[in-house]
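Working notes, beginning with the structure itself.
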Protein chains: 2
Amino acid sequence: MRVGELSRQTGVPVPTIKFYLREGLVPAGELTCPNQAQYGQRHVRRLRLVRALLEVGGLSVAAARDVLGPLDAPEVSLPDTLGIARRAVTPACGAPAEPDADRAGAPPADPAGRAALDAAAAWVVERGWQVRPGGPACASLAQLIRTLHELGRPDLLELLDEYATAAERLAAAELALVDRRADPDGRLEGAVLGTVLGDALLATLRRLAQEDASRRTFTAPTVL
Amino acid sequence: MRVGELSRQTGVPVPTIKFYLREGLVPAGELTCPNQAQYGQRHVRRLRLVRALLEVGGLSVAAARDVLGPLDAPEVSLPDTLGIARRAVTPACGAPAEPDADRAGAPPADPAGRAALDAAAAWVVERGWQVRPGGPACASLAQLIRTLHELGRPDLLELLDEYATAAERLAAAELALVDRRADPDGRLEGAVLGTVLGDALLATLRRLAQEDASRRTFTAPTVL
């Protein structure tokens, strides 16, 4: 099909499709003559995936490109893809909100920062998790620990193990679901969607569960 | 103390403090003469909280203002504050990534959109959650359900109940922790931090748990 038909089938405007092609989010069509390309069902599917990552997952174009890359390189293994998808969406904790507003006197390697990194590493070891100790997720955990201490609210860290248990159970369920698919493309796509949309799904369900818990506790205690 | 000392104590540069004052994220100091204001420990604490929301929680300045507002209006109740904090950080699912790239033929009230909203509402009722059926979190859940169907991956929705159980347990633990504090300020602050930093913490721990699960499954099956 030509680009106009691709647009009709997916609901994505032609200029947006051309933008995704230029940015490498969608693979090029097959050139039938110098100015005309043909697209197939693979492009329909990819366009829907791109929209899901950008609109529902909230990824940047650059992050989406990192996540989608392995789908076009079938020699990349499933664990590698899982790792790439994970890293592309790891929250960038600790990055200053405004580039020119760095905290004075708080470079990454100050004593408080090192203490938080040590605390995060020790917690991960105690939990028995096999992860890279210097990875971005560990740094992000350290930043959160440090922030709660600086705010005088280390009490909120009592929830750490409760959160970790939830994260473990979800990771196991996700992996089992991805592993069930026999086709490599389906596994890769499932890994990407599970990581990216899983965050959005969990944040959404937390809001609903919080609203429910708050309503039961504060407006109708007898319902408990 | 004057603004220079406030900057030294918190590590936040003076121009950034002035920006937060203009944006209403930090309450004004006490004017001692027309051009000079005095700040106290309350400002030190608030500045740390603002940095936590913007840098660690990833909130926009507008969202942070919505969340912080109730802290300056003590007549607002705890459940109201919890609700405000929750709404300010509810993921904006379904918003187009580029303003001029709306999906052609997919207005919010199309049949597929209505079906997804009905499916989300039915699921919430079945779950027994007492929430506003038309709220933003329900709309966000509907959008996620619709996206996974459009992508041909409704299998990923099998995880919905697993995610919901995790969300319920966390909401109960958070509420119990917030409720334990006797001082209203501490409760309000705990509710805000729990909601905003809780998302970041959970996303971070999911990455670590996924890395651990993936490593055990794919590189050392005997460890299982």
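Naming: A, B, ... by sequence-line order, numbering from 1 per chain. In this text the structure is predicted, and so the values were computed from the model without any measurement.
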Check this for me: does any side-chain nitrogen of one of [X] and [Y] sit under 4.0 Å from a carboxylate oxygen of the other?
X	Y	value
B:Asp110	B:Arg146	yes
B:Glu150	A:Arg51	no
A:Arg127	A:Asp161	yes

**OP:** Count the heavy atoms of every other residue, nucleotide or ligand shown that sit under 6.0 Å from CZ of A:Arg169, and state whether that count exceeds 12.
**Re:**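 No, the 6.0 Å shell around CZ holds no more than 12 heavy atoms from other groups.
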Side chain, backbone, both or neither of [X] within contact of chain B (heavy atoms, under 4.5 Å):
X	value
A:Ile145	neither
A:Leu177	side chain
A:Glu158	side chain
A:Leu202	both

For the student: nearest non-hydrogen atoms of [X] and [Y], plus distance:
X	Y	value
A:Gly128	B:Asp212	O-OD1, 4.0 Å
A:Thr204	B:Ala137	CG2-O, 3.2 Å
A:Arg48	A:Gln9	NH2-O, 3.4 Å

Most chain B-contacting option - heavy-atom pairs closer than 4.5 Å, from [options]:
options	answer
A:Glu174, A:Glu168, A:Arg45, A:Glu162	A:Glu174
A:Leu151, A:Leu148, A:Asp155	A:Leu151
A:Gly198, A:Ala171, A:Ala166	A:Gly198

Original post:
Is it the backbone or the side chain of B:Leu201 that comes under 4.5 Å from a heavy atom of chain A, or both, or neither?
Top reply: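 For B:Leu201, heavy atoms of backbone and side chain both lie under 4.5 Å from chain A.
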Original post:
Between B:Glu211 and A:Trp129, is any side-chain donor less than 3.5 angstrom from a side-chain acceptor?
Top reply: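 Note: B:Glu211 and A:Trp129 side chains miss the donor-acceptor criterion.
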Among [options], which has the most heavy-atom pairs under 4.5 Å with chain A?
options	result
B:Leu170, B:Thr165, B:Leu49	B:Leu170
B:Ala172, B:Pro15, B:Ser60, B:Ala173	B:Ala173
B:Leu159, B:Val44, B:Val124	B:Leu159

